[in-house]
Amino acid sequence: MSGPAAGTAVAATTTDVVCLGESMVTFLPSQPGRLADVPSFGRGIGGAESNVACALAAAGHRAAWVGRVGADGFGDHLVETIASYGVDTSAVRRDPFRPTGIYFRTATDRGTDTHEVAYYRAGSAASAMSPANVPYEELFAGRILHLSGITAALSGDCLALLRELTAARPGRPLVSFDVNHRPHLWRGGDADASVLLELARRADLVFVGEDEAEEAWGIVGAEAIRAAVPEPSVLVVKRGSAGATVFASGLRQGPRSSNAGEAEVVTHVPALRVDVVAAVGAGDAFAAGFLSATLRGLPVRDRVRHGHLMAAAVLTVPGDLTEPPARDHADRLVALGDDAWGTLRLGPGWTAADRASEEVRTP
């Protein structure tokens, strides 16, 4: 199969969100320190798109992950672990010739100079994804197709695949795209910047960090980012501790159409104060929370607040994934007035609804 046939209609929707991308086995250090000094590691999983799928499934949505793993024990572990969250992994393909990617990281914050990550993903099974070998019927079977810029960096074939999936065509599901700029994955030059901008402009819903837009595109500020990415119906600019700003002119549920005549609404939502345990996986969790609330048809402000809460759940645990807050618990927090929202502070264990009064506190 070389790509979806022109005019291909989407099958009857049985899935809320389909996520495509590479997932890897991650080895987490048993103690802080340099990789050279850490004596042992615990095994987990990591992958932007599979993280989103796991968080959505844990939150009660029908989520599927589509990827490619090796015919090896690490591939078995990935598929079994992702499926254990309730994610549909039936469309994952096994590659008998290429390995499953793995990586090791230190316990320090990703944004610090002491953080180390050692990737062993070159030539991985996932890097062989292409327009010729993915299951388009499954990819187009959901209400939303979630992608990220990480996949585009894995290989030329992976980039070609993302261009196929973001191409305008009748019946295309709503395409969600997380820019996820990872400079170390690209092969040099300015190709990463232009490719990520191209893909973002072809999507319907885009997530981008203010810092990564500056690093990749040299663009500073939410308004300038929107000027550079005017096509998506919804653009979410993540601003770290300052919160998030959303530019919205309606969500498409099918083929792309012009925004002409649609009034743009700009919404800013402050971030929460969080006692951070590990700053990994928060961006994926934010995307999952926003997509969850989008599927429920909630107002933009509430979508962002759900994103902040999902991110807070991950920030207060050591790994990339955790049990999200119960929906009714999250809805109660999202419904708070601006003043009460502004005084929330979330610490480890806050997602347990029966302990909410102890773990959600004001300064």
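The chain is numbered in sequence order, starting from 1. Heavy atoms only: backbone and side chains are in, while hydrogens, waters and symmetry mates are out.
The minimum heavy-atom distance between V38 and P29, with the atom names listed, is CG1-CB, 3.8 Å.
At least one donor-acceptor pair closer than 3.5 Å links the side chain of T100 to the backbone N or O of G70. With hydrogens and angles ignored, the 3.5 Å screen pairs no side-chain donor or acceptor of W341 with any backbone N or O of V269. The backbone N or O of P131 sits less than 3.5 Å from a side-chain atom of Y136, completing a donor-acceptor pair. Between the side chain of R93 and the backbone N or O of V134, no donor-acceptor pair lies under 3.5 Å. Judged by distance alone, the side chain of D95 and the main-chain N or O of R68 form no donor-acceptor pair under 3.5 Å. Of the possible polar contacts, one joining the E116 side chain to the L35 backbone as a donor-acceptor pair under 3.5 Å is found. A donor-acceptor contact shorter than 3.5 Å is absent between the side chain of S130 and the backbone of D157.
The environment of CG in D37 is crowded: more than 12 heavy-atom neighbours from other residues, nucleotides or ligands sit within 6.0 Å.
By the 4.0 Å N-to-carboxylate-O rule, D76 lies close enough to R94 to be salt-bridged with it. Under the 4.0 Å criterion applied to side-chain N and carboxylate O atoms, R345 and D275 are assigned as salt-bridge partners. With respect to the salt-bridge test (charged N to carboxylate O, under 4.0 angstrom), the residues D302 and R296 do not qualify.
For H306, the side chain to side chain donor-acceptor pair (under 3.5 Å) partners at least two apart in sequence or on another chain are D331.
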